[in-house]
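Read through the structure below, which is laid out as structure tokens, and then see the notes.
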Amino acid sequence: MDKVVASAALAVADVPDGASVAVGGFGLSGVPNVLIDALYASGVSGLGVVSNNCGAMNSGLAVLLSAGRISRVTGSYIGGNKEFARQYLGGELELELIPQGTLAERLRAGGAGIPAFYTPAGVGTQVADGGIPWRYDGEGDVALASPAKEVRDFDGTEYVLEHGIRTDFALVRAAKGDRHGNLVFNKSARNFNPLAAMAGRITVAEVEELVEPGGIDPDHVHLPGVFVQRVVVLTPEEAVEKKVEKRTITEREAQD
């Protein structure tokens with residue numbers, strides 16, 4: 001039951017080329033940077049990533065993206081990542097862009113053993129009708145577009161069929177964890193982390209603080225250890241390394 005692995009490098013050593021990987025985080029919050037850096041150092045490539053976005057400020061998944069290690073992204077937000085947009089529009093990267101809430105539920109459903117579900121999100125748009133560019137040919141033309149999805153009427157309202165997501169691996173970050181893999185996340189850093197962890201067949205969690213079994217009140221567990229196969233304990237320096245994407249401050253009023 002002791003799931004602690006000696007290092008991040010060992011924890012991701014068996015991730016092969018072409019693997020699918022669900023990754024937690026939102027912007028710069030709750031991103032498993034140490035595990036992503038270890039994945040980069042391993043030299044793995046051709047990854048299919050499932051994540052809300054694909055890194056920012058040259059950190060997180062942007063490290064793998066900039067190195068050309070990612071071949072496909074399933075996500076909901078490109079944001080200000082210019083390299084992400086460049087690779088997508090240039091035909092270097094395949095992108096399945098879907099509504100954010102749908103992405104969250106597809107991850108949760110996959111982890112819960114639910115193969116598919118119906119949602120009203122996207123009905124009447126290309127999300128349901130198909131035609132969203134998944135890959136360009138590098139010359140501005142669409143090389144591959146999303147297919148149409150099944151739409152059904154329930155009590156007078158139309159819903160589109162979406163499939164649950166399962167991935168080969170998942171990488172997440174938690175504020176606290178125990179040796180059994182039970183995790184606690186800190187406020188907004190929880191974001192997509194529990195959902196990504198559920199979707200992975202092998203889930204690796206980097207934790208800022210490790211406690212012994214019983215050290216977390218069962219009522220305070222955000223993600224049960226049944227969804228986590230490996231735990232990596234961060235060093236104090238790694239645990240406090242948290243970048244700020246956009247710093248906004250209020251100017252002090254001039255004092256008389």
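Just so you know, residue 1 is the first one in the sequence shown, and it goes up from there.
Between Leu64 and Val49 the shortest side-chain heavy-atom distance does not fall below 4.5 Å. The shortest distance between side-chain heavy atoms of Leu61 and Val23 falls below 4.5 Å. At least one side-chain heavy atom of Val50 sits less than 4.5 Å from a side-chain heavy atom of Leu103. A heavy-atom distance below 4.5 Å is not found between the side chains of Gln87 and Ile70. Using a 4.5 Å heavy-atom cutoff, the side chains of Val12 and Phe169 are not in contact. Put simply, the side chain of Phe154 does not reach to within 4.5 Å of the side chain of Pro120, judged on heavy atoms. Residues Val172 and Leu223 are not in side-chain contact: their nearest non-hydrogen atoms beyond the backbone lie 4.5 Å or more apart. By the 4.5 Å heavy-atom criterion applied to side chains, Tyr88 and Leu97 are not counted as neighbours.
Hydrophobic clustering of Ile, Leu, Val, Met, Phe, Trp and Tyr side chains at less than 4.5 Å, counting indirect connections, unites Val15 with Val63. Hydrophobic clustering (side-chain heavy atoms under 4.5 Å, transitive across Ile, Leu, Val, Met, Phe, Trp, Tyr) groups Ile78 together with Leu47. Linking Ile, Leu, Val, Met, Phe, Trp and Tyr residues whenever their side-chain heavy atoms come within less than 4.5 Å places Leu89 and Leu65 in a single cluster. Each of Val233 and Val211 belongs to its own hydrophobic cluster when Ile, Leu, Val, Met, Phe, Trp and Tyr are linked at side-chain heavy-atom distances under 4.5 angstrom. No chain of hydrophobic side-chain contacts below 4.5 Å, direct or via other Ile, Leu, Val, Met, Phe, Trp or Tyr residues, connects Ile165 to Met198.
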Can you list, pair by pair, the side-chain donor-acceptor contacts under 3.5 Å of residues 30-40, counting residues two or more places apart and other chains?
from, atom 1, to, atom 2, distance (Å)
Asn33, OD1, Gly60, N, 3.0

Tell me which donor-acceptor pairs under 3.5 Å the side chains of residues 127-142 have, and how far apart each pair is, sequence neighbours excluded?
from, atom 1, to, atom 2, distance (Å)
Arg135, NH1, Gly91, O, 2.9
Asp137, OD1, Glu139, N, 2.8
Asp137, OD1, Gly140, N, 3.4
Asp137, OD1, Asp141, N, 3.1

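The salt bridge (charged side-chain N to carboxylate O under 4.0 Å, His left out) analysis of residues 108-121, with sequence neighbours excluded, yields the pairs Glu105-Arg108. Within the structure, the side-chain hydrogen bond (donor to acceptor under 3.5 Å, both in side chains) test picks out the following pairs touching residues 66-77 (sequence neighbours left out): Asn52-Ser76, Arg72-Thr74, Arg72-Glu94, Arg72-Glu96. Counting only residues at least two apart or in different chains, side-chain hydrogen bond (donor to acceptor under 3.5 Å, both in side chains) contacts with residues 5-27 comprise Asp14-Arg230, Ser20-Asp168. For residues 202-216, every residue pair satisfying the salt bridge (charged side-chain N to carboxylate O under 4.0 Å, His left out) rule, not counting sequence neighbours, is listed here: Arg173-Glu206, Arg173-Glu208, Arg179-Glu212, Glu208-Lys242. For residues 149-158, the set of pairs meeting the side-chain hydrogen bond (donor to acceptor under 3.5 Å, both in side chains) definition, not counting sequence neighbours, comprises Tyr118-Glu150, Lys149-Glu162.
The closest donor-acceptor contact from the side chain of Asn191 to the backbone of Ser188 lies under 3.5 Å. Lys3 places a side-chain N or O within donor-acceptor distance of the main-chain N or O of Val228, the cut-off being under 3.5 Å.
Considering only residues two or more places apart in sequence or on other chains, His222 meets the side chain to side chain contact (heavy atoms under 4.5 Å, CB included) condition with Val184, Phe185, Arg190. The side chain to side chain contact (heavy atoms under 4.5 Å, CB included) search around Thr235 returns Glu237, Glu238, not counting sequence neighbours. Residues that satisfy the side-chain hydrogen bond (donor to acceptor under 3.5 Å, both in side chains) test with Arg86, not counting sequence neighbours, are Glu83, Glu92. Take Gln229 and apply the side chain to side chain contact (heavy atoms under 4.5 Å, CB included) test, not counting sequence neighbours, and it matches Ile202, Thr203.
Closest of all the heavy-atom pairs between Ala199 and Leu107 is CB-CD2, 3.6 Å. Smallest separation of non-hydrogen atoms from Ser51 and Gly24: OG-O, 4.5 Å. Looking at every heavy atom in both residues, Cys54 comes nearest to Val73 through SG-CG2, 4.0 Å. Listed here is the closest heavy atom pair of Ala109 and Gly164: CB-CA, 4.3 Å. Scanning all heavy atoms of the two residues, the minimum distance from Ala170 to Ala197 falls at CB-CA, 4.2 Å. Here the closest heavy-atom approach between residue Ala121 and residue Thr102 is recorded as CB-OG1, 3.8 Å.
Atom-to-atom distance recorded for Leu144:CG and Leu95:CG is 11.0 Å, nearest 0.5 angstrom. Separation of atoms CD1 (Ile216) and CG (Asp178) is listed at 4.5 Å; rounding is to 0.5 Å.
Relative ring orientation between Phe192 and Phe26 is described as parallel, the plane-to-plane angle staying below 30° on a 0-90° scale split at 30° and 60°.
Through side-chain heavy atoms spaced under 4.5 Å, either directly or across other Ile, Leu, Val, Met, Phe, Trp or Tyr residues, Val123 is tied to Val151, Val160.
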